[in-house]
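All chains are named by letter (A, B, ...) in the order of the sequence lines, taking the proteins before the strands, and each is independently numbered beginning at 1.
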Amino acid sequence: MTSTEELDLATWPIFSKMSRRGLLVSFDKMEALLADVQAQMEEQLALIECFAGRKLNPMSGDDVARWMVEQHMGGKHTKGGRLTTGKQALQQHEHPVLDAVLSYRGLEKLESTFILPTLEIAKRDPAPGGGIIHPRWRLTKVRSGRVASESPNLLAFPSRTEMGKRVRSCFIARPGFKLISADYSQLEPRTSAVLSQDERLLAIYREGRDLYIEVGTDLGVPRTVAKTLTLGTFYGMGGQKLFESLVAEGVVQGDPSVPVFDLETCDALLKRWFEVYSGVKRLVDETVVAARQAGGWAYTVGGRGRLLPGLFLSGWGWPLAKLREEAERQCFNHLIQGTAAETMKAAQVRVDANVPEFMPQLQIHDELVGEVREDRAEEVAARVAAQMHTTFQGVELKTDVSIADCWGDL
DNA sequence: TCGAGAAGCGCG
DNA sequence: AAAGCGCGCTTCTCGA
């Protein structure tokens with residue numbers, strides 16, 4: 001593994017090029033979407049007034065909390081003493097007003113965070129059919145070595161919902177070009193498997209089997225549960241959080257062939273996971289011990305350090321234990337997330353050196369997006385994939401590639 | 001009127 | 001015993 005310093009120096013000019021090239025935004029598509037979103041916001045607002053009997057600002061937690069108190073709805077309170085009005089809290093109650101509040105908030109998020117700023121920023125650099133976005137890459141912001149993006153934060157653009165994909169669809173390839181995406185599958189779990197040398201995980205990956213199906217079989221849970229559970233365990237998720245995640249995913253009461261996912265089951269599942277994949281448990285413990293011996297410094301494989309003074313807090317009282325355990329989770333996360341970031345940077349360097357026809361535009365942690373001339377798309381995509389393909393201590397790291405005319409279709 | 005902090009939510 | 005990690009950005013709220 002190349003050192004983290006060398007990777008930083010080698011990727012610097014690549015990100016510079018990425019920013020200069022930028023991404024083309026279609027004004028027609030974006031403005032049509034904006035009109036849709038605004039119309040739907042009006043609808044939800046009307047719905048709220050209709051069902052609540054008066055106007056309500058869905059964005060004001062105080063306003064929503066006051067109305068909930070009037071309706072004799074209970075719930076958790078924030079540190080500031082108000083009723084919690086987050087998505088989790090509102091979904092506890094069955095009420096059309098709360099449904100509309102959540103819908104409105106989702107739409108408002110799209111409008112104010114993604115659509116309006118993108119239009120505004122793209123207007124600074126007009127181009128045929130729209131404008132160009134030049135994200136500012138922050139290469140020294142994230143302590144794990146990941147990159148961050150500002151103005152706008154393209155790494156946080158929506159992808160999980162239909163409306164979200166419509167936002168991404170406004171980012172299009174220039175005329176005569178195609179967009180290519182190559183994303184590593186399960187980069188962080190694979191990194192964990194390699195670093196922990198856990199026999200079971202290594203076997204799953206070496207034989208090319210689906211991790212989450214295997215975990216599901218090992219623990220007797222559906223694939224979706226196994227996925228949440230596995231990703232959570234890598235970073236120290238607790239029973240409570242796992243339970244909340246499963247509730248949010250709507251798998252709280254499973255079918256009869258599957259255990260019921262109450263809080264106790266979640267605790268037991270986490271415990272069992274670390275028994276079955278004991279190599280990961282060992283790596284977590286060893287990583288923390290090593291960092292303590294190194295004076296509180298956690299290191300990635302490439303040698304990027306993060307100082308975690310909290311590792312030396314002693315005692316079990318509040319908030320000492322909480323802070324120490326937080327530092328321990330950060331310690332392990334630094335190793336996995338940071339090493340994965342180094343894998344990605346190394347891949348970018350190889351692609352830059354060996355596939356000059358590919359013009360990168362975005363790096364999204366485990367994914368590379370860029371443009372290529374239309375007539376060469378298939379061929380160049382294959383070469384990008386070949387350059388990203390690598391073997392990390394016996395485990396293959398491969399990418400899924402796709403070609404499309406807009407970001408949303410990748 | 002301005003700025004900081006809280007709450008909330010988007011992503012991998 | 002109990003525990004998600006890493007970010008950026010927006011609106012609301014409250015005090016200077």
Side-chain angles (χ1 to χ4, degrees), chain A residues 57-65 76-90 101-102 104-118 135-138 141-161 163-165 167-168 183-189 192 228-245 248 263 266-267 270-271 274 284 288 298 306 308 316-319 321-338 340-341 344 362-367:
Chain A
N57 180 1
M59 301 311 291
S60 164
D62 277 5
D63 221 8
V64 175
K76 291 182 179 172
H77 292 262
T78 64
K79 288 165 199 163
R82 297 195 287 261
L83 261 186
T84 309
T85 66
K87 194 194 275 182
Q88 286 255 283
L90 298 197
V101 166
L102 288 177
Y104 182 92
R105 284 184 185 171
L107 294 162
E108 197 272 352
K109 176 89 178 176
L110 291 182
E111 184 197 42
S112 68
T113 304
F114 302 116
I115 301 177
L116 291 178
T118 300
R136 296 177 55 199
W137 295 99
R138 301 292 309 265
K141 181 69 203 290
V142 186
R143 280 173 288 184
S144 65
R146 275 186 171 187
V147 296
S149 150
E150 283 176 5
S151 310
N153 177 11
L154 286 174
L155 305 190
F157 268 55
S159 67
R160 296 170 189 174
T161 64
M163 283 302 268
K165 280 181 200 144
V167 177
R168 287 196 176 197
D183 72 297
Y184 283 114
S185 79
Q186 298 169 5
L187 180 56
E188 292 192 7
S192 302
T228 305
L229 174 60
T230 301
L231 291 175
T233 51
F234 285 136
Y235 307 120
M237 186 188 275
Q240 180 65 40
K241 184 75 181 179
L242 175 60
F243 177 64
E244 286 167 13
S245 303
L263 187 48
C266 289
D267 278 329
L270 286 169
K271 192 157 167 270
F274 279 114
V284 172
V288 171
R306 175 175 177 178
L308 296 163
W316 295 102
W318 189 89
K322 194 165 108 55
L323 290 172
R324 181 179 61 249
E325 287 156 359
E326 184 182 16
E328 288 170 356
R329 290 193 300 274
Q330 289 168 334
C331 179
F332 182 66
N333 182 255
H334 181 76
L335 171 66
I336 303 302
Q337 188 180 103
M344 186 67 207
L362 285 177
Q363 184 249 67
I364 319 177
H365 308 314
D366 59 0
E367 178 184 8

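- Phosphate contact (OP1/OP2 of C:dG8, side-chain N/O of A:Lys141, threshold under 4.0 Å): present.
- Of the listed nucleotides (C:dA1, C:dC5, C:dG8), C:dG8 has the atom at the smallest distance from the side chain of A:Lys109.
- The side chain of A:Pro158 sits closest to B:dG10 out of C:dC9, B:dG10, C:dC5.
- One finds no side-chain N or O of A:Ser149 lying less than 4.0 angstrom from the OP1 or OP2 phosphate oxygen of C:dC7.
- Distance, A:Asp63 CG to C:dC12 P: 10 Å, rounded to whole Å.
- Comparing C:dG8, B:dG10, C:dA3 against the side chain of A:Lys87 picks out B:dG10 as the nearest.
- Residue A:Arg324 is the one, among A:Arg324 and A:Gln337, whose nearest nucleotide of DNA chain C lies closer to the 5' end (criterion: closest heavy atom).
- Side-chain proximity of A:Asp62 to the nucleotides C:dC14, C:dC7, B:dC11 is greatest for C:dC14.
- Taking the side chain of A:Asn153 as heavy atoms from C-beta on, and the options B:dG8, C:dC9, B:dC11, the nearest nucleotide is C:dC9.
- Note: CG (A:Leu231) to P (C:dG6) measures 16 Å, nearest angstrom.
- In terms of phosphate contacts, A:Arg160 brings a side-chain nitrogen or oxygen within less than 4.0 Å of OP1 or OP2 of B:dC11.
- Taking every side-chain heavy atom of A:Met59 into account, C:dC12 is the closest of C:dC12, C:dA3, B:dG12.
- At the phosphate of B:dC9, OP1 or OP2 sits under 4.0 Å from a side-chain N or O atom of A:Arg105.
- An OP1 or OP2 oxygen of C:dT13 is reached within less than 4.0 angstrom by a side-chain nitrogen or oxygen of A:Ser60.
- The nucleotide whose nearest atom lies closest to any side-chain atom of A:Arg168 is, among C:dG6, C:dC9, B:dG12, B:dG12.
- Side-chain proximity of A:Glu326 to the nucleotides C:dC5, C:dC7, C:dC9 is greatest for C:dC5.
- Residue A:Ser159 places no side-chain N or O under 4.0 Å from the OP1 or OP2 atom of B:dG10.
- Within the 4.0 Å cut-off from OP1 or OP2 of C:dA1, not a single side-chain nitrogen or oxygen of A:Lys271 is found.
- With B:dG10, B:dG8, C:dA3 as the candidates, the nucleotide lying closest to the side chain of A:Arg329 is C:dA3.
- Distance, A:Glu367 CD to B:dG12 P: 8 Å, rounded to whole Å.
- The distance between atom CZ of A:Arg136 and atom C1' of C:dC9, rounded to the nearest whole Å, is 14 Å.
- Rounded to whole Å, the distance from NE2 on A:His334 to P on C:dC7 is 11 Å.
- The residue A:Glu328 sits apart from the nucleic acid: no heavy atom pair falls under 4.0 Å.
- Residue A:Asn57 has a polar side-chain atom (N or O) positioned under 4.0 Å from OP1 or OP2 of C:dC12.
- The base-pairing partner of C:dG4, taking Watson-Crick or G-U wobble contacts with both distances under 3.5 Å, does not exist among the strands shown.
- In this structure, A:Gly61 reaches neither bases nor backbone, as no heavy-atom distance under 4.0 Å exists between it and the strands shown.
- Side-chain contact check for A:Leu83 versus A:His77: some heavy-atom pair is nearer than 4.5 Å.
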